[in-house]
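Before any comments, here is the structure.
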Amino acid sequence: MYKKWFCLMALLCCSCQSKAVVPEPPPAKAKLFLVAQQLTADLTRFSVAFEQEPLILVTTPVDAEKFAMTNPLAVQLQQDLMTSLQQLGYHVTDMNVSDSVRAAENGTFILTRDWQKIAADVSVSHVLVSSMDLTKTGVEINTRVIDLSDHRVAAAANIFVPAVDLPGYLTEASKSVSRNGLLYRQSEPGNVQYIGAE
């Protein structure tokens, strides 16, 4: 009788066992938000005291050597910095909001990058600027909150992100590089490159 009882309990225990649910790691592009959170935490920690609650405009990060150049990583980082700053309690303004809503077949839109459609009455006291510098192994990101009344740096932070941490945005450069229609071969790979940058 005990053998039957033991066998029945063993069968029940085996059928009740479940595999442990192991959470999947976050997608590669989700890691960029962690970078934005670290930068905004550092900006808050190393900021001078604001006389009043500032209204901050977050600009698109630019290339450290060419201020007119940007890339898909920078565009997404701008969005993540806006979200992270707002979550920390800062007043963030979005300059890409137009004066009117546009209804189209594929959706209803109010955000725009057309400077002629951007709201004309955007006034801010501070602006967050960022620059990015590619290295052989990753990207160096520097951010500053600038007080527009006197161009004083009210807060500053920087972070280095290895290319392996942002596989959706950065890739290792190949040994062959095309410049002005000519192909150059290097003995070692050069700097990492932005994915999707022109």
Side-chain angles (χ1 to χ4, degrees), residues 23-98 110-113 115 118-170 191-192 194-197:
E24 292 184 20
K29 293 196 174 188
K31 292 182 181 179
L32 185 58
F33 187 69
L34 299 177
V35 171
Q37 285 182 318
Q38 180 63 51
L39 283 168
T40 52
D42 288 347
L43 285 169
T44 302
R45 191 168 36 152
F46 299 119
S47 67
V48 296
F50 294 113
E51 293 178 6
Q52 56 190 4
E53 294 182 346
L55 183 58
I56 299 176
L57 170 70
V58 179
T59 61
T60 307
V62 295
D63 187 287
E65 293 181 6
K66 300 175 184 175
F67 287 162
M69 300 215 32
T70 191
N71 56 74
L73 170 62
V75 171
Q76 184 57 48
L77 181 59
Q78 176 190 21
Q79 302 301 311
D80 289 343
L81 285 168
M82 289 172 65
T83 300
S84 186
L85 275 171
Q86 192 282 329
Q87 289 177 352
L88 285 174
Y90 285 90
H91 299 282
V92 181
T93 188
D94 193 340
M95 190 162 177
N96 294 326
V97 177
S98 67
I110 195 163
L111 294 178
T112 182
R113 292 197 186 274
W115 66 272
I118 291 174
D121 60 347
V122 176
S123 62
V124 295
S125 60
H126 293 73
V127 63
L128 187 143
V129 298
S130 304
S131 62
M132 306 171 73
D133 188 25
L134 287 177
T135 70
K136 288 191 174 184
T137 57
V139 61
E140 182 83 25
I141 303 170
N142 289 283
T143 61
R144 296 176 301 285
V145 176
I146 309 295
D147 185 333
L148 292 178
S149 66
D150 58 5
H151 294 182
R152 176 178 55 109
V153 176
N158 72 329
I159 191 171
F160 176 79
V161 187
V164 296
D165 288 349
L166 297 173
Y169 294 103
L170 298 176
N191 293 354
V192 296
Y194 298 112
I195 294 175

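When reading the values below, keep in mind they use all heavy atoms of this one structure, side chains included, and skip hydrogens, waters and symmetry mates.
- Side-chain N/O atoms of Gln37 and Ser84 include no donor and acceptor closer than 3.5 Å.
- Val127 has its side chain within reach of Thr59: a pair of non-hydrogen atoms, C-beta onward, lies under 4.5 Å apart.
- In this structure, CG on Leu81 lies 8.0 Å from CG on Leu43, to the nearest 0.5 angstrom.
- Judged as a side-chain hydrogen bond (donor to acceptor under 3.5 Å, both in side chains), and not counting sequence neighbours, Asp63 has no contacts.
- For Ser125 (side chain) and Leu55 (main-chain N/O), a donor-acceptor pair under 3.5 Å exists by modelled atom type.
- Going from atom CG of Asn71 over to atom OH of Tyr169 covers 10.0 Å, rounded to the nearest 0.5 Å.
- The side chain to side chain contact (heavy atoms under 4.5 Å, CB included) check on Ala64 picks up Ser131, Asp133, with sequence neighbours excluded.
- When every heavy atom of Asp147 is checked against every heavy atom of Ser149, the shortest pair comes out as OD1-OG, 2.7 Å.
- Partners of Asp42 according to the side chain to side chain contact (heavy atoms under 4.5 Å, CB included) rule, which considers only residues two or more places apart in sequence or in another chain, are Gln38, Arg45, Phe46, Ala157.
- Between His126 and Tyr90 there is no side-chain heavy-atom pair separated by less than 4.5 Å.
- Interatomic distance, CD of Gln78 versus CE of Met95, reported as 10.5 Å (0.5 Å rounding).
- Counting all heavy atoms, side chain and backbone alike, Val62 lies closest to Phe67 at CG1-O, 3.1 Å.
- Put simply, the side chain of Val192 does not reach to within 4.5 Å of the side chain of Val139, judged on heavy atoms.
- Taking both residues in full, the closest heavy atoms of Gln76 and Leu32 are given as CG-CD2, 3.7 Å, listed atom of the first, atom of the second, then distance.
- Taken to the nearest 0.5 Å, the CG atom of Leu134 stands 7.0 Å off from the CE atom of Met132.
- Between Asp165 and Lys31 the shortest heavy-atom distance is O-CD, 3.3 Å.
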**Request:** Take Val35 and Asp80 through the test side chain to side chain contact (heavy atoms under 4.5 Å, CB included) and record every step on the way to the result.
**Result:** CA-CA 9 Å; Val35 171; Asp80 289 343; over 6 Å; no

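- Using a 4.5 Å heavy-atom threshold, the side chains of Pro61 and Ile141 count as separate.
- Between the side chain of Glu140 and the backbone N or O of Asn158, no donor-acceptor pair lies under 3.5 Å.
- You'll find the side chain of His91 stays beyond 4.5 Å of the side chain of Pro54, heavy atoms only.
- Residues Leu128 and Val92 form no side-chain contact, since every pair of their non-hydrogen atoms from C-beta on lies 4.5 Å or further apart.
- Taking both residues in full, the closest heavy atoms of Pro167 and Ile195 are given as O-CD1, 3.2 Å, listed atom of the first, atom of the second, then distance.
- Between Thr143 and Ser130 the shortest heavy-atom distance is CG2-OG, 3.0 Å.
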